[in-house]
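Keep in mind that the numbers below use all heavy atoms, side chains included, and drop hydrogens, waters and symmetry copies. Read the numbers this way: they start at 1 and go in the same order the structure lists the ligands and their atoms.
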Amino acid sequence: MRLYWIKAQAPRRALALVKHLGLQAQYIEVDLMGGGLKTPDYAALNPNMKAPTLVDGDVVLWESSAIMAYLCIKAGSDMWPAANPAEQVEMLRWLSWNDQHWGPAVAPFYFEHVVKATFGMGPPDTAGLAPKAANLQRFAAVLDGHLQDRSWAACGRLTIADFQLASMAAHWREAQMPLAAFPNIVRWLDGLMRIPAWADPWPGNARAAA
Ligand SMILES: N[C@@H](CCC(=O)N[C@@H](CS)C(=O)NCC(=O)O)C(=O)O
């Protein structure tokens, strides 16, 4: 199994899960700033020219949520509810909500403070973030209310929905996301950080030409 990654939030989910489930994989770090995602070889695997991409025999998979579900099925983990349709519906709700609402709300903060610093893309445009706070708080209120009497986002246990929802918000303090007023989100994010593979998902350096 090969997992192509860059040091960013979508690959972070898949990397953390491989580690958490104790699966074996070859980690291939793609040289983002050197154009590694745009090479013909990589584009043949992932025509979006984004990371992550998983290759397992004949299976070539992109989209981190799909990759995570695949990894759980391979490992026999209930972090994806392979045998329970009602739980699958619940998972789809949160995966979709993340991709349509929560992700876009937290992404500007993550990009300005984390992505730019990681890849040497210049200083954050903090003034440009100010008008984005209201949208983040709107959706944070939804997640905070949901987490009021829950430890995890879905199915009453740790699932890939938590990894999907938390991959950018995990950096909320350094990214200056206005989340301090949402105690259930803070508790949930701090709880995730006690999972070793989540706290440190990054493999040792294995840069490839792809
Ligand atoms: N929805 C995709 C998102 C993939 C994505 O946008 N990956 C980013 C890193 S988080 C990327 O490759 N960015 C580099 C680029 O767009 O050039 C997933 O969950 O896998």
List ligand 1's nitrogen or oxygen atoms that come under 3.5 Å of a protein nitrogen or oxygen, with the partner atom and distance.
| residue | atom | partner | partner atom | Å |
| --- | --- | --- | --- | --- |
| ligand 1 | 1 (N) | Glu63 | OE1 | 2.7 |
| ligand 1 | 1 (N) | Glu63 | OE2 | 3.2 |
| ligand 1 | 7 (N) | Ala51 | O | 2.8 |
| ligand 1 | 12 (O) | Ala51 | N | 2.8 |
| ligand 1 | 16 (O) | Lys50 | NZ | 2.5 |
| ligand 1 | 19 (O) | Arg13 | NH1 | 3.4 |
| ligand 1 | 19 (O) | Ser64 | N | 3.2 |
| ligand 1 | 19 (O) | Ser64 | OG | 2.6 |
| ligand 1 | 20 (O) | Ser64 | N | 2.9 |

Expected list for residues 137-144: side-chain donor-acceptor pairs under 3.5 angstrom, two or more places apart:
| residue | atom | partner | partner atom | Å |
| --- | --- | --- | --- | --- |
| Asp144 | OD1 | Asn184 | N | 2.8 |
| Asp144 | OD1 | Ile185 | N | 3.0 |
| Asp144 | OD2 | Asn184 | ND2 | 3.2 |

Under 3.5 Å, side-chain donor or acceptor atoms of residues 47-58 against the rest of the protein: list the pairs with distances, not counting sequence neighbours.
| residue | atom | partner | partner atom | Å |
| --- | --- | --- | --- | --- |
| Asn48 | ND2 | Asn46 | OD1 | 3.1 |
| Thr53 | OG1 | Tyr42 | OH | 2.7 |
| Thr53 | OG1 | Asn46 | ND2 | 3.0 |
| Asp56 | OD2 | Tyr70 | OH | 2.6 |
| Asp56 | OD2 | Lys74 | NZ | 2.8 |

Going by heavy atoms in the side chains, are Trp188 and Asp190 under 4.5 Å from each other? no
Please confirm whether the backbone N or O of Pro124 pairs with a side-chain atom of His113, one donor and one acceptor, at under 3.5 Å? no
Any residue meeting side chain to side chain donor-acceptor pair (under 3.5 Å) with Gln88, in chain and number order, not counting sequence neighbours: none
Within a 6.0 Å radius of atom NZ on Lys132, are there more than 12 heavy atoms belonging to other residues, nucleotides or ligands? no
